[in-house]
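No hydrogens, no waters, no symmetry mates; every other heavy atom, side chains included, goes into these values. Since this is a predicted model, take the numbers as computed values, not measurements. Proteins come first, then strands; the chains are lettered A, B, ... in the order of their sequence lines, and each starts at number 1.
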Protein chains: 2
Amino acid sequence: MVTPGALSRRERQIMDIVYRLGRATVQDVLQGLDGPPSYSSIRATMRLLEGKGHLKHISDGPKYVYLPTRTRNIVRKSALRHMMDTFFNHSVETTVATLLDMKSKDLTDDELDRIQVLINDARKRGR
Amino acid sequence: MVTPGALSRRERQIMDIVYRLGRATVQDVLQGLDGPPSYSSIRATMRLLEGKGHLKHISDGPKYVYLPTRTRNIVRKSALRHMMDTFFNHSVETTVATLLDMKSKDLTDDELDRIQVLINDARKRGR
DNA sequence: AGCATGGTGCTAAAAAATTAGCACCGTTGA
DNA sequence: TCAACGGTGCTAATTTTTTAGCACCATGCT
């Protein structure tokens, strides 16, 4: 298995952008980066990522649109798992606590309601 | 600001171990890595991380114990934020949903209760 | 048709990260 | 006391990543 952590710095930056956008052209990545390296550099790195199996591309007219090879859901879970292992001591509770602490100002009552429902669902599923 | 993403692959691996353990000696890191490079390599990289301001060290007898410079809480939040931005479209709801989907089997009723409480607290805090 | 534009592949150079190796210092136990 | 051990700093070599540059192809416009 190719561990996600095995990516270089630039590779990870690029993957993050692709994941954020869902799909991305070289131009998209160029815009997403802050200290943008040359077009050529990004292209090379993306080709490399494709070689490693992290990206694939389809053609949109003359240009390439890159897509992640692993589904959004798989990637989400493995990112979450890694983060919980690293920072949250594997604890869902601590993770949620931090999340809420961070975002409570932005959360609507509706959204909180929906989250309550999610938890009740999990409760049912658990047994 | 030194963005966390600016770390190299090995640097990130090492930081992850330090965060997971809270503090770490070179030996701790050595054991934490799977394809362990030489002692010397790790040491060099940790010194480098110290130079960049990500780690500091205290002396425990003759040996160094490395600690992260940023507090656990700060780091947790910024990791969460980055992950939500990248994979979850900034959505707390989606994040929690994935979390529960992933872990529902491991969650006790007690823990779910406590999470419910957290949400109610957030509700109060929000207004 | 001819040319400008904007994409691609490939190769080689530059920069950064990773590693090993050696010299040195403090502690410990015979 | 004085070797052996386990730690450190530093330097230099290797490997990997990152970058630029050039040649080429398709598209669209004059």
Side-chain angles (χ1 to χ4, degrees), chain A residues 1-69 86, chain B residues 1-69 86:
Chain A
M1 172 213 176
V2 179
T3 126
L7 297 178
S8 74
R9 173 185 349 205
R10 188 67 80 201
E11 287 175 332
R12 169 124 306 286
Q13 290 177 337
I14 291 176
M15 287 307 291
D16 282 355
I17 291 173
V18 175
Y19 283 129
R20 186 160 59 237
L21 302 181
R23 55 187 21 243
T25 63
V26 175
Q27 290 295 352
D28 292 331
V29 172
L30 196 54
Q31 297 193 335
L33 291 170
D34 27 304
S38 78
Y39 182 93
S40 194
S41 307
I42 294 174
R43 196 151 45 80
T45 305
M46 292 183 85
R47 201 131 22 89
L48 212 146
L49 282 167
E50 187 164 18
K52 288 191 185 178
H54 293 278
L55 291 178
K56 61 190 170 189
H57 76 265
I58 56 181
S59 292
D60 171 19
K63 86 176 55 164
Y64 283 6
V65 176
Y66 287 90
L67 306 160
T69 50
T86 303
Chain B
M1 171 214 178
V2 179
T3 127
L7 297 178
S8 73
R9 173 187 344 203
R10 186 67 79 201
E11 286 175 333
R12 169 123 308 285
Q13 290 177 336
I14 291 176
M15 287 305 293
D16 282 355
I17 290 172
V18 176
Y19 283 129
R20 186 160 59 236
L21 302 180
R23 58 192 10 248
T25 63
V26 175
Q27 290 295 352
D28 293 331
V29 173
L30 197 53
Q31 298 193 335
L33 291 171
D34 28 302
S38 79
Y39 182 93
S40 194
S41 307
I42 295 174
R43 196 151 45 80
T45 306
M46 292 184 86
R47 201 131 21 90
L48 213 146
L49 282 166
E50 188 164 18
K52 287 190 185 177
H54 293 278
L55 291 178
K56 62 190 168 186
H57 76 264
I58 57 181
S59 290
D60 171 20
K63 84 176 57 163
Y64 284 6
V65 176
Y66 286 91
L67 305 160
T69 51
T86 303

Problem - Atom of B:Lys56, atom of B:Thr69 and distance for their closest heavy-atom approach - result: N-CG2, 3.9 Å
Exercise for the section: Establish, with yes or no, whether the OP1 or OP2 oxygen of C:dT18 is under 4.0 angstrom from a side-chain nitrogen or oxygen of B:Ser38. Expected result: no
Practice task
Using a cut-off of strictly less than 4.0 Å, decide whether B:Arg10 has a side-chain nitrogen or oxygen near OP1 or OP2 of C:dT19.
Solution key: yes
Heavy-atom check, side chain of [X] versus side chain of [Y], under 4.5 Å:
X	Y	result
A:Thr86	B:Met15	no
A:Pro37	A:Arg10	yes
A:Asp28	A:Thr25	yes

Integer-rounded Å distance: [N] [atom2] and [X] [atom1]:
X	N	atom1	atom2	answer
B:Met46	C:dT18	CE	C1'	15 Å
A:Asp60	D:dA26	CG	P	17 Å
B:Leu7	C:dT18	CG	P	10 Å
A:Glu11	D:dT19	CD	P	11 Å
A:Leu33	D:dT19	CG	P	9 Å

Handout entry: B:Asp16/B:Arg12 ion pair, N-O < 4.0 Å
Key = yes
Fill in the blank from the handout: Whether each nucleotide of nucleotides 6-14 of chain D has a protein heavy atom under 4.0 Å at its base (B), only at its sugar-phosphate (S) or at neither (-) is summarised, 5' to 3', as -SBBB----
Problem - B:Leu21 side, atom CG; B:Gln31 side, atom CD - distance, nearest 0.5 Å - result: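 It comes to 9.5 Å.
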